[in-house]
A.B. asks: 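Sharing a structure with you now.
Just so we're clear, the structure is a prediction, and the values are computed from it rather than from any experiment. Each chain gets a letter, A, B and so on, in the order the sequences are listed, and its residues count up from 1.
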Amino acid sequence: MSERASGNGYSVIGRPLPKVDGLRKATGQAVYADDLDLPRMLYGKLLGSRRPHARIVNIDVSRAEALPGVKAIITGKDLPVKYGILPVSEDEYPLEIDRVRFVGDPIVAVAAVDEMTAEQAVRLIDVEYEDLPTAFDIEEGLAAIDEADRIHDYGAHDNVHKEVNLEFGDLDAGFEAADHVFENTYFYSGSNHLAMEQHAAVADYGADGKLTLWSSTQTPHYVHKAMAKVLEMPAGRIRVIATPVGGGFGGKSDPFPHEFCAAKLSMLTGRPVKITLTREEVFYAHRGRHPVLMHVRLGVKDDGEITALDFQSFLDGGGYGSYGVASTYYTGALQTVTYKIPAYRFRGVRVFTNKPPCGPKRGHGTPQPRYALEIHLDRVAEALGLDPAAYRKSICVDEYTMTANHMRVTSCGLRECIDKVVQASDFASLRGALPEGKGIGLGIGSYLSGAGLPIYWNNMPHTSVDLKVDRGGGVTAKCMQIDIGQGSDSVLAMTVAEVLGIEQEDVKLICADTDTTPIDLGAYSSRVTFMMGNAAIEAAEKIREKILAAVAEELEIDGEALAGGTECLRAAHGHIVHEIDGIPSGKSIAFRDAVPLAEAKFGQLSSTGSYTPQKLGGPYKGSGVGPTPAYSYTAAVVLVDVDTETGVVTPEKVWIGHDIGRAINPTLVRGQIDGSVYMALGEILMEEQAFRKGQLQFPSMLDYKSPTFLEMPSVESFLVETDDAEGPFGAKEVGQGPLLPMPPAVANAVYDAVGVRIDELPITPEKVMTALDRKARGESPRYGPDSVPEYTWPEPTKVDPVWYDQPPEEWVETKRRPVTLYAAPPADDEPGSDAAGGPAQC
Amino acid sequence: MNISVDNGSTIAERLRLRVNGEKHDLIVALNKTLLEVLREDLLLTGTKHGCELGECGTCTVLIDGEPMLSCLVLPIEVQDREIETVESLAQGGHPHELQIAFAEFGASQCGYCTPGMMMSAKALLDEIERPSRDQIKEHLAGNLCRCTGYLQILEAIEVAAERREVARRTPIGDDLEANDPGEDGVEEVAAE
Ligand code: FES
Ligand code: FES
C-alpha cells in the first residue's frame, strides 16, 4: 500500500515531497521585504559612524534638510530608548546618541522620495567626533582602561562584557588520575552569514495610530516586543509581519536599527517607509560568528578515557552585547554532551571591541569549541596509538544519561553516525595510507533541538499552532514561525496533513504575523521543527478526534469495538477507512465529506496546540544555556587534497552521518546537511572578517570570498533515525548540527595529508605553507596561537557533577507524545480532554 | 529626451524596453540600472539583488538569450533588445521544467538566489541540451547560493535537462504549441 511506501508507517512523514513554497520561490512570486512597494512609499537611509570609537560632539543635518525630496531626518534623540535581544544586555539605541562604538554604528536616519535622494542627504550630514581609545582584538579588549573610555558602562570590568568560571566535579583529582595531560591553543576566526538577501523593512503607520512592519527577520515576536519598548507604544497597536527571509543563518535574529528607524520615519511622515541595507551595511550590521581564542587542557588515561577537561575561551564580541552572553556560555556548554567528561571546568570571557557586533551564526558558539576539541582528540589518539574513530566511540556519551554540567541527554545515535561515515569512506584503511598530499579526517558534533528556555523569562508556551477547517475540507494552519529557507513551512503542512490523513497540498498556511498567528519564538536555536511540530500534532489531533467521532456515528461503527481495539478508523490520503483486524471493512468516507458531519456535530472546527519544553538544567547560574529537549548528533569524514607547492587545500569528498531522529522530509533534511557542509567549508577555507583599524577589509562579496559551485565537493549523507521520544514523529534538528564536525574534520584531514596541524581558521594556503616550512626546518609542524592571555578569572562556581551512569534525582522523564496512526474516537459523543486519544491497536 | 522630476535633482529619460515579450515605453531616472527599472518601474520583483555591484549573480536576467547581471546594465544600452526575467519562464500557467525541478529537489531553500540561478540555468539549457556536471558548475559559478551548498541545484538542473529532452523527443500537446510565440528556437524545435 502506498501509505507504507516510505517504510515508516506514516502516509506523509518521511516522503521527499516538494517544498511547499518551492514553486512560489522558483517563479519569482514569493514577496520578500524589499519587493514591497506601497502607495506614497518613502525610502530611508541610515548614516553610520565613520569612527570606530568616538564621542559624538555635534550632528549638523541642516544641509540634508534643505535638499529637495527629503521628508524627515531623525537622530538618536528621537528614539532615546535602549533595547537588546537579551534582557541582560540592552545596550543599543536605534541611533546612537552620544557615542559610537564601531565603524558603521548608525547615528542618523533620513526618509526621502527616492533612494538616491536619501543617499545624497546622508552624504550632506556633518558629524563632529571626538575620538576615544580603541580596542580591536581580544588582547586589547582585555587591557585595563579608564572608566570614561570603556566601550560600555556595564559588564564585568573595563571592556570585559561577560566572564564565566564554572567547575563541575573535582578537577584536580581528575588531572591527578590522568596518565597524560594534553594542552594546546586554538583560534576560530569570525565570519559573516552572507545571506543573499540584504536586510530590509517596510513600516506603515496609519492615521488610526496603528503600525505595521514588514521585515526580513527570523524573530518577529522579539522584534514586536522591542518595537513596543523603543517606540513607547502599546504592543497591541503594532503588527510585525516577517516576510519570507532570503537567508538568515542567525544574521536576522536581532532587532535592527533600520526596523525602528523605518517605523519612526513612517510615524513622522504619515507615509510608508522602506529601508533596505546595502551589502556593505549588512557586513557592518553583522552579528556573525565570534572570533574565539581557546585553550584546552585534557587529562586522559592510557586508553584515552577522559579524566578531566579544563577549557578556556576568549570571545571577541564587537561593539554591543547582542546574543553575546549566550554565545559565551555556548562555547562551554556542549563539550560534555558528546563525550564522557567526569570533571569539567569552563572559563569564558567576552570582550567588547570596536568592531561590528558578533552574535549567533549557524551553530552559535559551538563550532569554535568543537574545532578545538576534535583536533585535540585527534592528537590524543595519535599520541596514544589509537584509531581516532574507535577512540571517539569508546568515550561517547550513552543515550539517556546526564552530563557533569547537568545536561540531559536522551536519544543519541552518535556511535551509529560514526560507524556510517567510517565504513562508507573506508576511513580506517585510508587514514595514514594515502599518498602524500591526500588526507582523510574525522570530526563529530552535537547540537540542540531548540533552546530549553526562551530569551526573556516567562512561563508561556514557546510555540502554538491554530488550525481551522473550512466546510470544503480545506485546513488552514497558523503559526508565528517563519520559513527562512530551512523548510519549516513544509514541516507544518506535512505534520498537519499526516495527523489528519490528508495531503500536504491540502494544508494552507498563515505564518509569521503577530496579528493573525499564535506565538512562535522564532527561527533560531534549531527549535522550530521540534517545538512547532509538537504543537501542530496536538492541534491536529484535537480536530481528528472530532472528525473520527462524527465518522464513527455516520458509518455506524460500534464504539466498543473501536475502544477495544479490534476495529479502527485510519485517516490517510484524504480518506477515513474503517478496518477490522487491520483489514479494510469496505466502509470509508472522504475527509472532505467527514468535515461537515463533524462541524454539524461539534460546531466550527478549530483547535490550538502548544508546546513548552520541560524545565531542564542544573542548579547554577548559566545552566539555562545548553539544555534542550533533545540533542542531534553528527559525524563527518572529509577527504582532502593539499597542494604542497601552493598550500591550497581542496576538499574532495565529504561523508556525513546525522542523527536526525526522524526525517520528516528527507530532501529538505539533505538540503540542510549540504548547506551546513557548504557554510562550514567557507569558514574553514576562505571566509574571514578582517579589519584594518576597525574598518572592514572585505565589505563586498567580491573580496569576501565564499565558495561557489566550483568549490563544493560531493557530499554523501546518511540519516540515522533514532526516533526521539519527544520529537514530532521522533524528529530532531538538522539546520545547524551538521556544520559542527566539518572544521575539525578538514583540519585533521590536512594533518593526515601533509603532517601539519593548522590550529587556526581559516586554513589558508599561507598558513599551510608556513606550517610546511616549519616542518621542513624541523620546527613544530603547526600554525596557530601559542598561548592565551593571562586572565584573572573570577572565583569559580563549584557545582557537584551528575554521574553519567547514575541518573540523578532531578532526572526529567521525556514527554513522550504518542503519535498514532490508528485513532479511535471516544466512546461517548463528547471529545475527551485527553487530546492524544487512546490509540485503538488494530 | 531629458526630463527633470519632482525633487529637482534627478534627470529622467525616455526609454523603450522589451521585457518578456511586452513592449514598455517609460520615463525613468537616468541613473537607474536595469535591475532598478525592472523592479521599481515595471514591478517585476522576481529579479532579486544581493549586492548591486555585480558580485553575486542574484540579479541575472537574459538579454537576447545571454545571462547578464542587471545591476550592471544601463537600460539605455538594451533598448529594443529582448530582455527575459524569471517571470517569463512559466508559460500559459505551466511552470518551466527548471521551476518544477527546483521545487521538487530542494534547489530553492530561501529562494532568494533562485530567480538568478534559474535564468543562468535556462541560458545553459538553451545552448546545451544535456550539459555535464562540470559544464553546469562552470556556467553557474557566478551565481552564489548561501543555502543549498549547490548540490541540489545541480541535481535539479540535470533532471530538468533530462525532462526537456524527453519532452522534445515526444510529441507535445496542443496547449504548449498554442503558447509558442514562434520566436523561441527551443520551442520551435520542440514543435517539429
Ligand atoms: S545584485 Fe547584481 S550581481 Fe549582485
Ligand atoms: S536558496 Fe537561499 S541563497 Fe540560494
Side-chain angles (χ1 to χ4, degrees), chain A residues 16 18-19 21-32 34-35 37 67-69 112-114 116-117 120 193-198 244-249 278-279 483-487 667-668 670-679 681 700-702 706-710 712 714-715, chain B residues 6-10 29 31-32 36 39-40 43-56 58 85-87 89-90 95-96 98-100 102-115 118 136-154:
Chain A
K19 204 159 170 289
D21 52 357
L23 271 178
R24 290 191 69 82
K25 285 174 171 170
T27 50
Q29 285 172 359
V31 179
Y32 298 81
D34 187 55
D35 298 341
D37 189 0
L67 187 70
V113 290
D114 56 31
M116 178 128 127
T117 309
Q120 247 178 313
H193 317 82
L194 206 76
M196 295 306 293
E197 177 205 35
Q198 305 101 317
V245 175
F249 318 113
T278 63
R279 178 54 61 185
D483 196 311
I484 61 170
Q486 84 284 45
T667 303
L668 304 190
R670 229 202 80 206
Q672 289 306 302
I673 294 176
D674 291 353
S676 296
V677 166
Y678 152 87
M679 193 158 278
L681 289 174
S700 78
M701 287 173 135
L702 194 65
S706 64
T708 72
F709 269 93
L710 299 171
M712 187 66 190
S714 81
V715 176
Chain B
D6 87 315
N7 65 24
S9 64
T10 317
N31 60 302
K32 279 194 168 182
E36 289 166 318
R39 287 177 53 83
E40 293 164 17
L43 299 181
L44 292 168
T45 51
T47 303
K48 306 298 181 206
H49 54 86
C51 67
E52 302 190 61
L53 293 166
E55 298 165 350
C56 69
T58 310
T85 69
V86 68
E87 285 89 352
L89 286 181
H96 190 277
L98 279 166
Q99 293 173 314
I100 295 171
F102 266 58
E104 214 174 308
F105 295 95
S108 185
Q109 283 187 25
C110 81
Y112 204 77
C113 70
T114 308
M118 199 123 33
I136 300 174
K137 287 184 177 182
E138 211 55 65
H139 186 87
L140 290 174
N143 287 83
L144 297 180
C145 171
R146 202 58 176 163
C147 297
T148 60
Y150 304 109
L151 300 175
Q152 290 181 324
I153 297 179
L154 280 175

A.B. asks: Heavy atoms only, distances under 4.5 angstrom: which of A/L668, A/L194, A/L710 has the most pairs with chain B? Name it, please.
C.D. replies: A/L194
A.B. asks: Of the non-hydrogen atoms in A/K25 and B/S108, which two are nearest, and what is the gap between them?
C.D. replies: CB-OG, 3.5 Å
A.B. asks: Counting heavy-atom pairs under 4.5 Å to chain B, which of A/Q486, A/H193, A/M701 comes out on top?
C.D. replies: A/M701
A.B. asks: Which atoms of A/V677 are under 4.5 Å from chain B, going by heavy atoms: the side chain, the backbone, both sets, or neither?
C.D. replies: neither
A.B. asks: Which distance, rounded to the nearest 0.5 Å, do you find between the SG of B/C110 and the CE of A/M196?
C.D. replies: 8.0 Å
A.B. asks: Against chain A, label B/T148 side chain, backbone, both or neither, depending on which of its atoms sit under 4.5 Å from a heavy atom there.
C.D. replies: backbone
A.B. asks: So, taking the atom named CG in B/L151 and the one named CD1 in A/I673, what distance separates them when rounded to the nearest 0.5 Å?
C.D. replies: 11.5 Å
A.B. asks: With chain A as the partner, which of B/R39, B/E36, B/E87 has the greatest number of non-hydrogen pairs under 4.5 Å?
C.D. replies: B/R39
A.B. asks: Measuring from B/E104:CD to A/K19:NZ, what's the distance to the nearest 0.5 Å?
C.D. replies: 14.5 Å
A.B. asks: Is chain B contacted by the side chain of A/I484, its backbone, both, or neither, given a heavy-atom distance below 4.5 Å?
C.D. replies: backbone
A.B. asks: Parallel under 30°, tilted from 30 to 60°, perpendicular over 60°: which one fits the rings of B/Y150 and A/F709?
C.D. replies: tilted
A.B. asks: To the nearest 0.5 Å, how far apart are NZ in B/K32 and CE in A/M116?
C.D. replies: 10.5 Å
A.B. asks: Look up atom CG in A/D34 and atom CD in B/E40, then write down how far apart they are to the nearest 0.5 Å.
C.D. replies: 8.0 Å
A.B. asks: Which atom pair, heavy atoms only, marks the closest approach of B/C147 to A/F249?
C.D. replies: SG-CZ, 3.6 Å
A.B. asks: Does any backbone or side-chain atom of B/L89 lie under 4.5 Å from a heavy atom of chain A? Answer side chain, backbone, both or neither.
C.D. replies: neither
A.B. asks: So which of A/G675, A/A112, A/G248, A/G22 has the biggest tally of heavy-atom pairs under 4.5 Å with chain B?
C.D. replies: A/G675
A.B. asks: Dump the intermediate steps for side chain to side chain contact (heavy atoms under 4.5 Å, CB included) on B/L154 and A/M712, then the final yes or no.
C.D. replies: CA-CA 11 Å; B/L154 280 175; A/M712 187 66 190; over 6 Å; no
A.B. asks: Quick one: what part of A/S700 sits under 4.5 Å from any heavy atom of chain B, side chain, backbone, both or neither?
C.D. replies: both
A.B. asks: Provide the closest heavy-atom pair for B/L144 versus A/S706 in the form atom of the first, atom of the second, distance.
C.D. replies: CD1-OG, 3.9 Å
A.B. asks: With a 4.5 angstrom heavy-atom cut-off, is it the side chain or the backbone of A/R670 that approaches chain B, or both, or neither?
C.D. replies: both
A.B. asks: Is it true that A/D35 and B/K48 make a salt bridge, defined as a side-chain N closer than 4.0 Å to a carboxylate O?
C.D. replies: yes
A.B. asks: Measure from the side-chain N and O atoms of A/R279 to the backbone N and O of B/G50, and report whether any donor-acceptor pair falls under 3.5 Å.
C.D. replies: yes
A.B. asks: Identify which of A/A195, A/G671, A/G28, A/G247 forms the greatest number of heavy-atom pairs closer than 4.5 Å to chain B.
C.D. replies: A/G671
A.B. asks: Can you name the nearest heavy-atom pair linking A/P707 to B/R146, along with the distance?
C.D. replies: CD-NH1, 4.3 Å
A.B. asks: Determine the minimum heavy-atom distance between B/F102 and A/A26, stating which atoms define it.
C.D. replies: CB-CB, 4.3 Å
A.B. asks: Counting only heavy atoms closer than 4.5 Å, note whether B/H49 contacts chain A via side chain, backbone, both or neither.
C.D. replies: both
A.B. asks: Counting only heavy atoms closer than 4.5 Å, note whether A/Q29 contacts chain B via side chain, backbone, both or neither.
C.D. replies: neither
A.B. asks: Can you say whether B/L43 sits under 4.5 Å from chain A via the side chain, the backbone, both, or neither, judging by heavy atoms?
C.D. replies: side chain
A.B. asks: Check whether A/T667 gets within reach of chain B through its side chain, its backbone, both or neither, counting any heavy atom under 4.5 Å.
C.D. replies: both
A.B. asks: Is B/T114 in contact with chain A via its backbone, its side chain, both, or neither, using a 4.5 Å heavy-atom distance?
C.D. replies: side chain
A.B. asks: If I measure from the heavy atoms of chain B, does A/V31 come under 4.5 Å with its side chain, its backbone, both, or neither?
C.D. replies: neither
A.B. asks: Does any non-hydrogen side-chain atom of B/Q99 lie less than 4.5 Å from one of A/L23?
C.D. replies: yes
